[in-house]
Number of protein chains: 2
Amino acid sequence: MKDSATPTCTPRQFSATCPSRELFDQIADKWSMMVLTVLDGGPQRFNTIRRSLEGVSQKSLSQTLRRLERNGLVTRRVLATAPVAVEYEMSALGRTLLPPFRTLYRWTRDNIPAVEAARAAFDAGHDPR
Amino acid sequence: MKDSATPTCTPRQFSATCPSRELFDQIADKWSMMVLTVLDGGPQRFNTIRRSLEGVSQKSLSQTLRRLERNGLVTRRVLATAPVAVEYEMSALGRTLLPPFRTLYRWTRDNIPAVEAARAAFDAGHDPR
DNA sequence: CCGTATCCTAAAGGATACTG
DNA sequence: CAGTATCCTTTAGGATACGG
């Protein structure tokens with residue numbers, strides 16, 4: 001028997017139960033990717049990250065950080081100060097993700113004119129309303 | 001006057017109105033990223049893509065493809081066959097995103113053991129219930 | 001300061017049916 | 001085949017209040 005143990009799993013076939021796909025689902029969301037991009041600048045405290053991601057709620061950020069920590073991409077350290085401070089930092093595993101994330105961030109920064117031109121062309125050809 | 005025209009916009013400060021951030025929001029979701037990864041293999045038809053992404057609904061895929069097309073990352077071509085066939089293909093702009101996406105896909109494929117180990121360690125230390 | 005818990009609303013997204 | 005439209009359920013996520 002080898003059916004349920006080996007779901008099809010290639011860059012062309014994202015089976016729902018494929019471990020690669022499940023991992024993809026865990027990090028391919030905007031808050032996770034923005035948190036990791038922010039932490040590329042060094043360890044950050046909770047509220048500092050919160051202020052860096054305009055529009056994120058405390059709850060969403062908390063959930064995102066916890067998931068990133070659980071998956072080993074981020075480490076959490078409680079500083080024995082008063083009041084308590086908590087620092088989040090990229091783990092060694094997380095740092096292996098930085099190259100593609102840096103590239104992606106630069107891409108969004110550098111291709112705004114190209115994308116806006118594409119949108120204008122699209123909107124011109126497709127009835128608005 | 002230069003206040004509303006220049007929101008803070010760095011890898012450390014994702015202002016909600018920053019064009020880079022808005023573009024980030026448009027592509028940093030799992031379906032968009034999976035579609036682009038699938039189209040890395042060449043032009044694909046609608047239902048072929050659909051079958052490649054187990055769990056995606058016709059509606060979600062349709063919305064995702066339309067947004068990718070509007071942003072200029074993907075081109076849509078109607079083939080004059082009967083019945084009609086529609087082919088989606090990476091645009092030149094979209095292809096500039098491939099390197100980080102390929103890296104990301106390989107990462108999810110290659111780091112499953114590391115992530116699973118991290119999860120086990122995390123779950124061991126944090127009361128499940 | 002750093003969260004968790006609760007509530008509640010808004011939005012994403014699936015199922016189904018129907019059109020070009 | 002490739003969608004659009006409608007309905008309806010599920011989930012994400014914001015606001016608030018409170019605890020460590």
Side-chain angles (χ1 to χ4, degrees), chain A residues 14-17 21-22 24-35 38-39 43-70 74-89 122 125-129, chain B residues 14 16-17 21-22 24-35 38-39 43-70 74-89 122-123 125-129:
Chain A
F14 287 84
S15 295
T17 55
R21 156 72 180 272
E22 290 174 351
F24 204 98
D25 289 352
Q26 295 261 314
I27 58 174
D29 68 284
K30 67 175 187 176
W31 291 136
S32 294
M33 295 178 70
M34 278 192 250
V35 165
V38 166
L39 288 183
Q44 308 276 337
R45 292 174 51 178
F46 187 86
N47 279 325
T48 307
I49 301 172
R50 183 154 158 52
R51 279 187 293 271
S52 296
L53 308 183
E54 195 178 307
V56 73
S57 69
Q58 195 173 33
K59 179 183 174 183
S60 297
L61 181 57
S62 181
Q63 288 173 340
T64 299
L65 284 169
R66 178 171 277 259
R67 186 174 59 246
L68 290 173
E69 187 196 358
R70 188 173 113 89
V74 154
T75 60
R76 177 182 185 274
R77 191 162 44 126
V78 180
L79 306 179
T81 58
V84 69
V86 180
E87 219 176 50
Y88 291 90
E89 187 176 11
F122 181 92
H126 296 70
D127 281 334
R129 193 251 304 231
Chain B
F14 287 84
T17 56
R21 157 71 181 274
E22 289 174 352
F24 204 97
D25 289 352
Q26 296 261 314
I27 59 175
D29 69 286
K30 66 175 188 177
W31 291 137
S32 293
M33 294 178 71
M34 277 193 248
V35 165
V38 165
L39 288 184
Q44 308 276 334
R45 291 173 52 179
F46 186 86
N47 279 324
T48 307
I49 301 172
R50 182 155 158 53
R51 279 187 293 272
S52 296
L53 307 184
E54 195 178 306
V56 73
S57 68
Q58 196 174 31
K59 179 183 173 183
S60 296
L61 180 57
S62 181
Q63 288 173 339
T64 299
L65 284 169
R66 177 171 278 260
R67 186 173 58 245
L68 290 174
E69 188 198 357
R70 188 172 111 90
V74 154
T75 60
R76 177 182 185 274
R77 192 162 43 128
V78 180
L79 306 179
T81 58
V84 68
V86 179
E87 220 176 48
Y88 290 90
E89 186 176 11
F122 182 91
D123 293 344
H126 296 69
D127 282 335
R129 189 245 306 248

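Here is how names work: the chains are called A, B, and so on, in the same order as the sequence lines, proteins then strands, and each is numbered from 1. Worth knowing before you read on, the calculation uses all heavy atoms, side chains too, and leaves out hydrogens, waters and symmetry mates.
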side-chain N/O B:R45 vs D:dC1 OP1/OP2, d < 4.0 Å: no
B:L79 CG to D:dC1 P, straight-line distance once rounded to whole Å: 14 Å
Contact under 4.0 Å: B:S60 side-chain N or O vs C:dG14 OP1/OP2: yes
Side chain of A:F46 - closest among C:dG3, D:dA2, D:dG14: C:dG3
Along DNA chain D (nearest heavy atom to each residue), the more 5'-positioned of A:V56 and A:V84: A:V56
N or O in side chain of A:Y88 less than 4.0 angstrom from C:dG3 OP1/OP2: yes
Plane angle bin for B:F24 and B:F14 - parallel if under 30°, tilted between 30 and 60°, otherwise perpendicular: perpendicular
Below 4.0 Å: OP1/OP2 of C:dC2 and any side-chain N or O of A:R76: no
Distance (rounded to the nearest 0.5 Å) between A:H126 NE2 and B:E69 CD: 5.0 Å
Under-4.0 Å side-chain N/O to phosphate OP1/OP2 contact, A:R50 with C:dC2: no
Touch class at under 4.0 angstrom, heavy-atom based, for A:V86 against every strand present: sugar-phosphate
B:L68 CG - D:dG3 P separation (whole Å): 13 Å
Closest-nucleotide 5' rank along DNA chain C - winner of A:S62 and A:K59: A:S62
Gap between atoms CD and P, on A:Q63 and D:dT11 respectively (whole Å): 13 Å
